[in-house]
Amino acid sequence: MRTASVIVDLPTRQTNQPFTYLIPDDLLDFNLLGHRVRVPFGKRNLMGYVVAVGQSERSDFQLKKIESIIDEKPVLNSEMLKLSEWLSNYVFSYRVQVIQTILPNAFKPKYLKGLKIVDQVPEKIKENIFLNNQEIEFLPKNYTSEQIKVINSLIRQGKIVQTTTIQKKNKGKKVKVLSNNLNDNDIATNLNKKSLSDSQKKLLIFLSGHRDGFFQVKELAEILDISKSTILTAEKKSWLKKSEVRMTRNPVKKIAVTKTNAVELNSDQKKVFNSVESAITKNENKTFLLEGITGSGKTEVYLQLIEKTIAQGKTALLLVPEIALTPQMIRLVKSRFLDSVALLHSGLSDGERLDQWEEIRDGKIKIVIGTRSAVFSPLTNIGLIIMDEEHETNYKQEGNPRYHARDIALWRAKYHQAVTLLGSATPSLESRARAQKGIFKLLTMNHRAVSGAKLPDVSIVDMREVWQKEHADNDFSPTLLKKIEERKENHEQTILLLNRRGFSSFVMCRNCGYVPRCPNCNLSLTLHMDSHSLKCHYCGYEEAIPKKCPVCGSPQIRYVGTGTEKIETKLNSLVNGIRVARLDQDTTKRKGSLEKILRDFGKGNYDVLLGTQMVAKGLDFPDVTLVGVINADIGLNLPDFRSGEKTFQLLTQVAGRSGRAGKTGEVIIQTFNPDNYAIKLAADQNYEGFYKTEMSIRHIADYSPYYYTIQVGIDGPDQFPASRAIDEVAEFIKPKLAKETIVLGPTPKAIAKLRNRYYFQIILKYKKDPNIESTLSELQTVFGEKLPKDIYLSIDRDPVSFI
DNA sequence: AGCACGCCGACT
DNA sequence: GTCGGCGTGCTC
Ligand SMILES: [Zn+2]
Ligand SMILES: [Zn+2]
């Protein structure tokens, strides 16, 4: 018997395995591998993915037949089938969930429930419920309980049946287009007619110049500045021919650019280019780590390597942490490769994403640039995968499946015998350590690309002294303030970083010390003057600012700590006429607002760009000659072994925004911990020094990269059952793991309560433990089975954050 | 996820 | 006796 193994579209523990189906006669000659199919499953029809085809002689029970295929072409090629199998095991996720992540959202089907009459039913029912149809769509919430009762009894009697239909969605809009239907003679004769209106004349002249184009009515009306009715009349007269095309939505086309060409590389860049290029040419599965200081011209190297790859008939993938923050890079890529590049990011609609996906699969597009999920784009024959800013934690998905784009990139590069290029000014310790061991090849660029441009001069300002000499609570040291004023006078620009949004970090009663907290998370609420409210930054809870203390009634409420809002207000009052743009989550909620702020700042409409970590990433503004860090200590004391690394990266990256175009840049770092190693080494722009120091700290504490880490979590609506469950998890796994594996906990998570759920964790640290994967997958299947429904188990391999 | 099966309390 | 509550388990 010819059979197919099908993963059904049901992300549950019990259905996380292939089910075997018979292949119907009409599909026997068809290769079903990777196809979406409709299959009967229990009482209903589900969608599924064929992950294998073969022979089976099972006689223990009657196999069911595949009902039909959904698409003409398979949606998963053999690479993606293998990848999904590996990844689901690697990150402990259901296979369907991984497949859904690999595929564009538009492939998620909609199940429509319906009712169908199969026998005699009372006339009244036929009229009232079926509205005299044989089959209707059925949504229980649209019917009264009486009606549901009647329906249920008729189903029991076998007179009507429930049906499910699987609906495909988003196959792209069909649009009406018009094209020229006249030959030269026709046009000439029509143009000679006396009765011709100006609009008609315009249209005819246009048609004579665009013999082969297809245009939408609206488009034509706009181009020629004539009314729609003129065009419709012309259609009636058969001047124009009507047809329908499927619109492929291509968001890159909307970015208008002029073509640019490769720029001559400097000697640093040339060296890097040559090493990587030779590996691409030789089809070596090699990974390079490019450690290039900020402004060293990594992008130009990327572009020329992509060009080379394409010239060899292969495809290329460029991953960036966040599209919105790298508009310059996108523009550059687009200007170099024009329409042959696909842009994939979270801002696309399902339909846009599907269109791009199909063009990539069909080989029409050979260059893909995109964020995390673009790593799954269905390119074939990949020659080069570039991951820019490889240290960014954005590349790790929070929530299932918890994958890291770097892991996928390396897997795919191996599959394709391709080259991976990881680039950063501040590589993750993990990658840098691998380069040390020779697993990755280390390449460096230590000079800024623009001739004459140097790394900025960095100085640390000890805020303890400032508070002693001036008055405490000063957010601006006199040094920083003076320099901001100077920049304003000289028509240069300043970037200010403060990694905390809102007005103040929390509010406190001066009399009794009461601090308002979130009822869902028990975390202190942040004051927001924009919205005149207190907000929880973790769940979004919001309440009014108290006029007096709810505990003791005192009207003396103190605002503690400083956020971006307060800095904006202060700066406006301290420097006369200064124009400040604020860039944080609160000012960029609206679609397009981020781009607008950056554009306006680039045009010189502002003196200062003030914001959270967003201002540290990738921005490239030539007039910025001063970067100020208001408070470098935020994040330094978080309960996370990577807090030093994160601080170093943030400071180094933001410092790199200064003096990129030849004008000397300056950086002022304000801190209460001027002796902290991460802050000092960031001030020295000394990545290698930081790497060595941090590695010794990690070594002593047995942390990554010396050990692998896995976080096992439990969360539930009540504290006690959840804490008991995590204890049981520990009991379950401990005896199965290798003796050398270190088990930390169980402990409550750093944020112990979030959105009314209680969180607990166990951290596993291991170098080599052959039992780890089997133990954890057993934990999911065996232990997970008896876990109460409202308690969730999570497994996070190589977590990037412990907060 | 649905849906059936099954075992208890409440009602025509 | 029957209806319906939702706890448990299965779906190729
Ligand atoms: Zn009080
Ligand atoms: Zn909250």
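So that the names make sense, note that chain A is the first sequence line, chain B the second, and so on, each numbered from 1.
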Please determine whether a side-chain nitrogen of the Lys or Arg among A/E785 and A/R13 lies less than 4.0 Å from a carboxylate oxygen of the Asp or Glu. no
Is the distance between the ring centroids of A/Y403 and A/F376 under 6.0 Å?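 That pair passes the under 6.0 Å test.
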I want to know whether A/W411 and A/Y90 have ring centres closer than 6.0 Å.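 Centroid separation for A/W411 and A/Y90: 6.0 Å or greater.
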Need one value for [X]: base, sugar-phosphate or nothing, where a base atom within 4.0 Å counts as base even if backbone is also close, heavy atoms only.
{"X": "A/P18", "value": "nothing"}
{"X": "A/T3", "value": "nothing"}
{"X": "A/Y21", "value": "sugar-phosphate"}

Check the distance between [N]'s [atom2] and [X]'s [atom1] and give it to me in whole angstrom.
{"X": "A/L10", "N": "C/dC12", "atom1": "CG", "atom2": "C1'", "result": "13 Å"}
{"X": "A/I7", "N": "C/dT11", "atom1": "CD1", "atom2": "C1'", "result": "14 Å"}
{"X": "A/Y94", "N": "B/dA1", "atom1": "OH", "atom2": "P", "result": "9 Å"}
{"X": "A/Q62", "N": "C/dC12", "atom1": "CD", "atom2": "P", "result": "11 Å"}
{"X": "A/R38", "N": "C/dC12", "atom1": "CZ", "atom2": "P", "result": "18 Å"}
{"X": "A/I66", "N": "C/dC12", "atom1": "CD1", "atom2": "C1'", "result": "11 Å"}
{"X": "A/L787", "N": "C/dT8", "atom1": "CG", "atom2": "C1'", "result": "16 Å"}

Please determine whether a side-chain nitrogen or oxygen atom of A/K64 lies at a distance below 4.0 Å from atom OP1 or OP2 of C/dC12. yes
Are more than 12 heavy atoms, taken from residues, nucleotides or ligands other than A/K736, located less than 6.0 Å from that residue's NZ atom?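 Above 12, so yes.
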Heavy atoms from other residues, nucleotides or ligands near CD of A/E542 exceed 12 (cutoff 6.0 Å): yes
Proximity to the side chain of [X] - top-ranked nucleotide from [options]:
{"X": "A/F41", "options": "B/dA1, B/dA4, C/dC12", "value": "C/dC12"}
{"X": "A/F19", "options": "B/dA4, C/dC12, B/dG2", "value": "C/dC12"}
{"X": "A/Q14", "options": "B/dG2, C/dC10, B/dA4", "value": "C/dC10"}

